[in-house]
Amino acid sequence: MIIDDQHYDVIIVGTGAGGGTLTRKLASTGKKILVLERGEYLEKESSELVDAEVFKKENFSAPEQWYESGKEPFYPQTSYSVGGNTKIHSGVMLRMREQDFEEVKHQHGISTEWGLKYQDFEPYYTEAEKLYRAHGKAGDDPTDPPRSKDFPFPALVDCEPQVKDICDRLSGQGLHPAYLPIGLGNEGRTDSEDTGVTPAIKANNNVTLKTSAKVVRLHTNPSGKEVRAVETEIGDRSYLFMGDIIVLACGAVNSATLLLYSANEKHPKGLANSSDLVGRNLMKQLMTVLVQLTPTPNCGLFQRSHYINDFYWGDEDFPYPMGHIQNSGGILQDVIFSESPPILSVAAKLMPEFGLKQLAKRSIGWWLQTEDLADPNNRVTIEGSKVHLDYTPNNTEAHDRLVHRWIDVLKSVNQTKQSIYPRSEAPIQVAAHQCGTCRFGEDSKTSVLNLNCRTHDIDNLYVVDSSFFPSISATSPGLTVIANALRVGEHLINRLN
Ligand SMILES: Cc1cc2nc3c(=O)[nH]c(=O)nc-3n(C[C@H](O)[C@H](O)[C@H](O)COP(=O)(O)OP(=O)(O)OC[C@H]3O[C@@H](n4cnc5c(N)ncnc54)[C@H](O)[C@@H]3O)c2cc1C
């Protein structure tokens with residue numbers, strides 16, 4: 001084991017939405033910061049092409065398998081690279097709704113109340129939208145939360161005409177399609193490499209990034225009250241890095257497993273796990289992609305542009321939250337990426353006269369997501385060196401209702417005689433929206449982190465990624481992870497000073 005001779009003020013593990021953003025926020029303090037990232041740089045061209053409406057993209061899956069009790073191991077769809085999952089994300093930058101921070105009654109249970117409210121996050125959402133160059137338009141969606149500032153850039157109104165046409169028809173029916181806020185820079189979607197890590201390194205000589213550096217264990221001092229060293233594999237060598245403050249930002253599954261792997265005499269169930277909640281309450285939302293066939297071809301390659309939240313809080317005959325709908329990007333890119341994308345394969349059987357590419361150009365994809373509820377039995381565990389996921393979907397009727405309701409709506413605005421809408425539900429390997437495995441809160445018995453995302457048990461250990469969510473909402477989580485990193489960054493700046 002090589003003991004690094006440097007001492008850092010802060011060590012950040014992971015460069016995704018949480019870690020990359022925090023690196024940028026802390027860089028200007030001049031403090032000595034080490035960033036450890038298990039992945040390498042991902043080529044821009046390949047990341048830009050990705051859209052997430054198809055649930056099978058081995059190209060962008062992690063190079064390791066995770067395990068599910070009694071089932072085949074799988075390659076999770078999660079990116080180990082500088083920028084983490086923001087390198088392959090769809091760029092959608094949505095705020096959680098105001099009510100999402102409260103206790104909400106769902107058909108099959110209660111969505112956990114947050115210890116902080118929307119108003120606490122609002123300034124950081126504003127900062128996050130500015131940093132990640134969100135293009136949007138407020139006010140079209142009745143569930144929009146209040147905002148102190150307008151979007152920093154106007155919405156991308158120049159969208160695929162077929163989508164625009166459908167949205168006009170939806171408006172004609174009294175629904176409220178709204179422009180999706182998208183983070184867009186000069187070279188495409190913004191991500192936490194270009195927005196977070198790279199500017200932090202360029203502008204300051206106090207930030208050191210080590211790539212292909214996989215953190216495998218945290219070591220505490222003898223009392224167990226402080227993390228002393230971060231054990232890291234780089235190539236075939238092991239290093240120990242020392243720092244005053246340690247921040248995990250490995251994503252909800254990997255931050256939890258790292259804490260579990262770091263169990264020691266003082267922390268027999270895993271670091272910071274006196275509550276026995278590390279790894280529990282894994283949430284990932286219920287997701288379905290639906291294909292709508294169109295009478296005439298479209299260009300096949302286009303950006304996501306609209307969302308519909310009319311059923312977010314329920315429907316006339318269903319007084320419980322159902323979820324969020326957005327159009328996926330053009331489906332042709334999935335044909336480029338995968339010879340036989342599963343959802344189109346289903347459609348191809350229904351329309352055997354079409355080739356996959358033709359079919360892709362005759363389709364609009366819709367992406368539906370519903371909140372799943374925190375359940376302590378849905379959890380990440382470790383067995384030797386294996387990562388296990390136990391996950392049983394809940395709140396499924398609300399999601400089914402959303403899917404069927406949306407099919408009815410599409411039928412009513414459709415110009416074809418289409419009666420079958422091929423759909424594909426997200427399997428376990430779609431861990432894209434993983435959240436909740438180290439929830440934050442005031443009470444150390446019912447949460448792993450305090451409201452500053454510091455572990456209740458260890459004074460110099462923080463977790464600043466999607467792990468902290470007590471409930472997930474039906475909104476894509478990326479912007480909330482970024483806003484939270486900015487919020488915790490402010491706390492850390494005060495602490496460091
Ligand atoms: C295909 C796809 C599309 C998505 N689209 C959207 C979208 O449009 N809008 C949205 O809001 N959200 C979207 N998401 C979700 C969003 O990307 C995530 O919520 C967000 O990136 C989570 O941030 P994070 O910091 O928790 O983790 P990540 O961004 O996953 O970053 C974790 C980082 O930690 C590194 N790491 C892990 N373990 C270790 C270790 N042991 N040592 C060192 N480094 C480690 C990883 O390599 C990675 O870089 C999408 C996700 C995917 C996969």
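Quantities reported herein were computed from a predicted structural model and do not represent experimental measurements. In listed order, ligands and their atoms are each counted from 1.
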Atom pair CD1/CD of I245 and E226 - distance to nearest 0.5 Å: 10.0 Å
Should G83 be counted as touching ligand 1, given the test is an N or O pair under 3.5 Å? no
Who's closest to atom 18 (C) of ligand 1 heavy-atom-wise, of A17, S466, A432? A432
Go through the steps for E129 and R147 under the test salt bridge (charged side-chain N to carboxylate O under 4.0 Å, His left out), then give the verdict. CA-CA 11 Å; E129 287 171 348; R147 45 172 56 245; 3.0 Å; yes
Hey, can you tell me if F241 and Y239 have their rings parallel, tilted or perpendicular (30° and 60° cut-offs)? parallel
Can you check whether D465 has an N/O within less than 3.5 Å of an N/O in ligand 1? no
Do any N/O atoms on Q77 end up under 3.5 angstrom from N/O atoms on ligand 1? no
May I ask you to list the atoms of ligand 1 that are less than 4.0 angstrom from any heavy atom of Y80? 46 (C), 47 (O)
Going by the 4.0 angstrom heavy-atom rule, the piece of V464 near ligand 1 is neither
Is the shortest N/O to N/O distance between K214 and ligand 1 below 3.5 Å? no
For G251, take its heavy atoms, then give the atoms of ligand 1 lying under 4.0 Å from any of them. 26 (O), 27 (O), 32 (C)
Please identify which atoms of ligand 1 are closer than 4.0 Å to at least one heavy atom of G14. 33 (C), 34 (O), 35 (C)
Can you name the one residue among D465, V247, N484 that meets side-chain contact (heavy atoms from CB on, under 4.5 Å) with C453? N484
Looking only at side-chain N and O atoms, does Y80 offer a donor or acceptor that is under 3.5 Å from a partner on N254? yes
Once the angle between the rings of W66 and F74 is folded into 0 to 90°, is it parallel (under 30°), tilted (30 to 60°) or perpendicular (over 60°)? perpendicular
Under 30°, 30 to 60°, or over 60°: which ring-plane class applies to F101 and Y118, parallel, tilted or perpendicular? perpendicular
S212: which residues meet the side chain to side chain contact (heavy atoms under 4.5 Å, CB included) condition with it, sequence neighbours left out? E40
Among C250, A485, A252, S192, which one puts a heavy atom closest to atom 32 (C) of ligand 1? C250
One finds that the ligand 1 atoms under 4.0 Å from a non-hydrogen atom of T15 are 33 (C), 49 (O)
Is a donor from one side chain sitting under 3.5 angstrom from an acceptor on the other, for H267 and S262? no
Atoms of ligand 1 under 4.0 Å from any heavy atom of V13, numbered from 1 in the order shown, are 42 (N), 43 (C)
What residues form a side-chain hydrogen bond (donor to acceptor under 3.5 Å, both in side chains) with S385, not counting sequence neighbours? none
Does an N or O anywhere in T78 fall below 3.5 Å from an N or O of ligand 1? no
Does G91 reach ligand 1 with a nitrogen or oxygen that is under 3.5 Å from one of the ligand's nitrogen or oxygen atoms? yes
Nearest option to atom 11 (O) of ligand 1, as decided by whichever heavy atom of A249, C435, G478, G39 sits closest: G478
With respect to G18, determine whether any N or O atom, backbone or side chain, lies less than 3.5 Å from an N or O atom of ligand 1. yes
With under 30° as parallel and over 60° as perpendicular, where do the rings of H135 and F153 fit, or are they tilted in between? parallel
Between E233 and R38, does any NZ, NE, NH1 or NH2 come within less than 4.0 Å of an OD or OE carboxylate oxygen? no
Tell me, please: is A213 in heavy-atom contact with ligand 1, that is, under 4.0 Å? yes
Kindly identify the option in V215, V197, N85 whose heavy atom sits closest to atom 30 (O) of ligand 1. N85
Could you tell me whether H433 approaches ligand 1 through its side chain, its backbone, both or neither, with non-hydrogen atoms closer than 4.0 Å? side chain
Under a 4.0 Å heavy-atom limit, does N254 contact ligand 1 with its side chain, its backbone, both, or neither? side chain
Under a 4.0 angstrom heavy-atom cut-off, which atoms of ligand 1 come close to L36? 43 (C), 44 (N)
Minimum heavy-atom distance Y391-L282, with the two atoms named: CE1-O, 3.9 Å
Backbone or side-chain N or O of S81 under 3.5 Å from ligand 1 N or O: yes
